[in-house]
Amino acid sequence: MAINQVSRRRRRGNLQVRDSKVLDSGRFPHRLSLYNTPPNDEVSLEEFESSGYDRLRLLKAVEQARLCHPKRGPQYFKEIKKACDKYMPLGDSGARNAADVYEERRKDHLSHFVLRLAYCRSEELRRWFLQQEVELFRCRFENESINDFLNAIQNLKYDKMSDEEKRELESQLKDCGFNLSIETVRETAYYKLPFKRALELVRQRKVLLKGGMAYVPEQELLSIICSSFRQRLSLALTHACKALPALEEDERLDPILRTMSKNDLADEQQLQNRTGVVHPSDLDELSNTVMPLCMRNLHVNFKADHHLKHWGRLQYGLFLKGIGVMLEDAINYWRSEFTQKMAMDKFDREHVYTLRHMYGKEGKRTNYTPYSCVKIITGQAPGTGDHHGCPFKHFDGSHLVKELKSTKVPNPAIQEILKLVKDQHFQVACSRYFAYKIGPLPENVDVPLINHPNGYFTKAIELNNFKAGIVNAGASTVKSESLPINE
Ligand code: SF4
């Protein structure tokens with residue numbers, strides 16, 4: 001996609017597609033794509049951004065499903081399908097309206113290239129994107145006809161073996177690799193491809209090699225197609241990275257892509273909606289019930305030490321602002337704690353301005369938003385005497401176990417959380433903590449992937465209210481004193 005093809009105008013679907021023949025032979029001949037050709041139509045800035053975020057949400061759901069179901073059982077596929085239907089549906093053309101099918105495929109295509117631009121800028125981002133995209137591709141391929149895909153995607157030249165050729169080679173096919181019976185060989189479709197494309201199977205001596213070609217049974221082809229997709233995408237990401245300096249000059253796209261690459265899916269609207277509903281006198285109770293571990297840790301230590309260092313004040317202060325502690329209440333709250341160790345006028349001199357600044361009442365009057373998990377996890381690591389950061393990332397094992405025990409997380413759950421932490425899946429560990437702390441969750445409610453402490457808080461309140469049967473208690477109107485305690 002050329003940068004100058006991203007326009008500020010809102011695009012009103014300039015579909016030229018009117019029948020399925022155009023779909024079959026046009027830009028998107030199959031519902032799945034290897035994303036070889038970038039979009040070349042005009043795209044509005046709004047569409048550019050929203051499609052990118054939808055794909056990001058989908059890839060985060062893929063990541064969570066894979067982490068929660070490493071054996072890729074039925075629940076894994078169910079969760080990914082649900083996320084696909086929600087964020088990026090890709091139905092079969094079948095009897096559906098061709099224009100709808102076209103729009104779905106177009107969004108899938110565009111969003112892939114938007115995230116490709118956002119996630120090419122570092123080795124770590126490239127690795128993450130590559131992993132989730134290949135996983136998504138593999139999942140979407142479930143129940144797909146390989147033959148239909150190969151017929152539609154012209155640049156994968158894997159020839160199907162003719163019946164005659166198979167008859168000639170059937171005894172050799174039977175003897176190599178998979179211990180198939182002769183009947184199974186006859187029923188299985190085989191594909192011929194250059195042996196370099198099937199090196200893993202060649203290494204395992206699982207395919208017949210003849211004249212530089214590997215004869216691969218259909219059921220093994222998916223892994224080869226996925227590996228080809230991975231190689232192409234990896235190369236494309238490296239090329240995109242080289243083109244980044246030109247993109248960085250574009251003042252419209254660069255900030256969008258940088259924000260996107262921070263993986264920050266905070267729902268700003270949701271955060272704003274909570275203003276003015278929590279009183280500091282409720283914080284002790286809330287810290288035990290609906291605050292994430294990072295904020296509970298800050299709260300507990302603040303109450304114990306009557307002091308928080310700079311990063312702790314920022315992390316906790318913005319969180320409180322986000323959950324709805326009003327400025328005057330916040331000043332009184334911080335003052336009541338700090339002045340147990342500090343003179344009142346010193347507090348007023350040193351901290352009131354900062355608190356007002358945090359609420360957008362001083363300086364540039366920026367309305368600062370609470371920190372997301374990514375910002376906390378990748379931000380300034382806590383030093384001695386600091387209490388900010390993410391416990392799942394920054395606590396050592398014994399400290400984390402102690403904290404989890406103090407919040408009454410059962411032992412098996414602690415072991416599960418420790419394993420996730422060991423594998424560096426901090427937000428997934430937090431999701432498991434959420435599930436144990438707030439659970440049991442109502443039927444049909446999935447454990448959310450935690451990506452924002454304020455999102456955690458809001459979701460926890462909603463679920464507690466739901467379980468307590470408080471109907472229609474919108475997050476924006478819930479009074480904290482009405483919160484049921486989950487102990
Ligand atoms: S994952 Fe996020 S919400 Fe959970 S403890 Fe860490 S920073 Fe807080």
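Sequential numbering from 1 along the given sequence is applied to the chain's residues. Both counts, for ligands and for their atoms, begin at 1 and track the order of listing. The shown structure was predicted, so the numbers you read here are calculated from the model rather than taken from an experiment.
With a 4.0 Å heavy-atom cut-off, ligand 1 is reached by the backbone of C294 and by its side chain too. Within the 4.0 Å heavy-atom criterion, the part of I450 lying near ligand 1 is the side chain and not the backbone. With a 4.0 Å cut-off on non-hydrogen atoms, F392 touches ligand 1 through its side chain and not its backbone.
Taking all atoms of both residues into account, the shortest heavy-atom contact from F338 to F302 is CE1-CE1, 3.4 Å. Q427 approaches K60 most closely through the heavy-atom pair NE2-NZ, 4.1 Å.
Within the listing of ligand 1, atoms 3 (S) sit less than 4.0 angstrom from a heavy atom of P292.
At the shortest separation from atom 6 (Fe) of ligand 1 among protein heavy atoms lies C390 SG, 2.4 Å. Scanning all protein heavy atoms for the shortest distance to atom 2 (Fe) of ligand 1 gives C373 SG, 2.3 Å.
Heavy-atom distances between Y456 and ligand 1 stay at or above 4.0 Å for every pair.
Distance check: R258 CZ to S261 OG gives 7.5 Å after rounding to the nearest 0.5 Å.
At least one N/O/S atom of C430, from backbone or side chain, sits under 2.8 Å from atom 4 (Fe) of ligand 1.
Taking the six-membered ring where the residue is Trp, the centroids of Y368 and H357 are separated by under 6.0 Å. With ring centers used as reference points, H394 lies 6.0 Å or more from F426.
Between F149 and F141, the ring planes are perpendicular. Angles over 60° get that label, and only those under 30° would be called parallel.
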